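Taking it in order: structure first as structure tokens, then the write-up.
Worth saying up front: this structure is predicted, and the values here are computed from it rather than measured. Order of the sequence lines fixes the chain letters, A, B, ..., with proteins taken first and strands second; residue numbering starts at 1 for each chain.
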There are 2 protein chains.
Amino acid sequence: MAARPTPRRDRLVDTALRLFAIEGFHGTGIDRILAESGVSKMTLYKHFPSKDDLILAALRRRDESYRAWLETEVAARIETGEHPLVAYVHAIQTWCDRPQFNGCTFINAAGEFGDPKHPVHRAAGEHKQAMLAFVEQLARDASCNHPQEIALQTRLLCDGATVMKQAIRSDRGFEAAAEAVKRLANIS
Amino acid sequence: MAARPTPRRDRLVDTALRLFAIEGFHGTGIDRILAESGVSKMTLYKHFPSKDDLILAALRRRDESYRAWLETEVAARIETGEHPLVAYVHAIQTWCDRPQFNGCTFINAAGEFGDPKHPVHRAAGEHKQAMLAFVEQLARDASCNHPQEIALQTRLLCDGATVMKQAIRSDRGFEAAAEAVKRLANIS
DNA sequence: TCCAAAGCATACCGATCTGTCTACTTTTGA
DNA sequence: TCAAAAGTAGACAGATCGGTATGCTTTGGA
């Protein structure tokens, strides 16, 4: 019945992800997703038992594709001589320059699903944990002095800059974040 | 008709604010707000032309009460000898320790109302701007070297720590943020 | 070739959504 | 005292919500 790989399933998830960013999770109706993806309602419910499952699938997809993109982007920047942590900040900044950008999908998800036990809220938390682990590895690779603390601070600065970009559409946050990371990690 | 000051109006706004934090703005129905505040529907619509207006009023109230609380809290901490910027970080941390806390109301609002021209999104942006101005003044009062940049970095760290507290319920973010601020501003 | 899986349209369900209307009651201040 | 202001309950409207049921068409692989 509900096959795992698929063609239309992808369209559903992609469309949902796009609409969720603009209108929010609760603000986006199933019918809207169906209309814009050109998929029938029965097909949706053949792949996902409920809307919440579609949301979870969308978050999972976002997590995977984002992480894949990020690793490539950061690696490419390190290749050109950028310090790994600075490369990370610049990569996030690049990500946030997408036209449809409206903040971090996971922060938005945690905001709409406030109950810490709700699967969507947990998914957001797990993503943030994974991001922190990723940056910690970067800090260790770069032989930073206190990799765990500098990684955490880098993460805070990036989430803050992402929020600033979302709220007032300014890149000043990322510029200040990059400078802060350089000072905190004794770079250049 | 729609008087400005009021008794029941306050209950409506307070209840809405509490529910919005848990269920989100779109996820919270008018009827739920009415039931929990014990106010009739007609009274609501006598005070607010629409739900969006109630949301805007709630954000306005949050902005005002939060700012009043913050100024008092920061002043009290400065009184005890804390550096103004560190006092700010600790004040935010205290704010985020409220049991009903679910992230920054304005970040959540911007997430649900993605259109930058939407009044709710704008209100979120204006709040963030005002917060930045507040911290810039603190930095100037403390005779920091580059008050504008250090203020911005402090703001990024605090928003990042707020997000971390929301997503994984950890205070580690605030501790790391306070340390970062001390280093960036050459404190102690 | 042919069958099963996948996808389709469409109507429908009950619940809930924001918002309106009418008509009655309480409060309050000049 | 008495009239205006504020509040009440409750029915109602039309739209939309998430989700289900039925029955038809397309498609792909053995």
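- Rounded to an integer number of Å, the gap from CZ of B:R32 to C1' of C:dA15 is 16 Å.
- Remark: C1' of C:dT16 and NZ of B:K51 are 11 Å apart, rounded to the nearest angstrom.
- Checking each of B:L54, B:T105, B:D52 against B:F25 for a side-chain contact (heavy atoms from CB on, under 4.5 Å) leaves exactly one that passes, namely B:T105.
- Proximity of a side-chain donor or acceptor of B:R11 to a complementary backbone N or O of B:S37 within less than 3.5 Å is detected.
- Under 3.5 Å, the side chains of B:Y88 and B:R155 contain a donor-acceptor pair of N or O atoms.
- Under the 30°/60° scheme for interplanar angles, the aromatic rings of A:H127 and A:Y66 are found to be tilted.
- Contacts between residues 17-29 of chain B and DNA chain C, defined by a heavy-atom separation under 4.0 Å, are made by B:T28, B:G29.
- Among the heavy atoms of the strands lying under 4.0 Å from A:D31 are primed sugar atoms or P, OP1, OP2 only; no base atom is included.
- Here A:H47 does not reach the OP1 or OP2 of C:dA6: none of its side-chain N or O atoms lies under 4.0 Å away.
- Listed nucleotides: C:dT18, D:dG18, D:dG7. Nearest to the side chain of A:I30: D:dG18.
- Side chain of A:Q153 to main chain of B:A176: a donor-acceptor pair is present (N/O by atom type, distance under 3.5 Å, no hydrogens or angles).
- Rounded to a whole Å, the CZ atom of B:F48 is 15 Å from the P atom of C:dT20.
- Whole-Å rounding puts the B:I33 CD1 to C:dT16 C1' distance at 14 Å.
- Per the geometry, CZ belonging to B:R9 stands 13 Å off P belonging to D:dA6, to the nearest Å.
- In this structure, A:L34 atom CG and C:dG7 atom P are separated by 13 Å, rounded to whole Å.
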Taking only N/O atoms, report every protein-nucleotides 8-10 of chain C pair under 3.5 Å with atom names and distance.
| from | atom 1 | to | atom 2 | distance (Å) |
| --- | --- | --- | --- | --- |
| C:dC8 | OP1 | A:R8 | NE | 2.9 |
| C:dC8 | OP1 | A:R8 | NH2 | 3.1 |
| C:dC8 | OP2 | A:S40 | N | 3.3 |
| C:dC8 | OP2 | A:T43 | OG1 | 3.1 |

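- With hydrogens and angles disregarded, no donor-acceptor distance shorter than 3.5 Å links the side chain of B:N102 to the backbone of B:N108.
- The OH atom of A:Y45 sits 16 Å away from the C1' atom of C:dA11 (whole-angstrom rounding).
- For B:R183 (side chain) and A:L184 (main-chain N/O), a donor-acceptor pair under 3.5 Å exists by modelled atom type.
- Put simply, the side chain of A:R18 never gets that close to the backbone of A:T15: no donor and acceptor are under 3.5 Å apart.
- Within 6.0 Å of the CD atom in B:Q100, the count of heavy atoms belonging to other residues, nucleotides or ligands exceeds 12.
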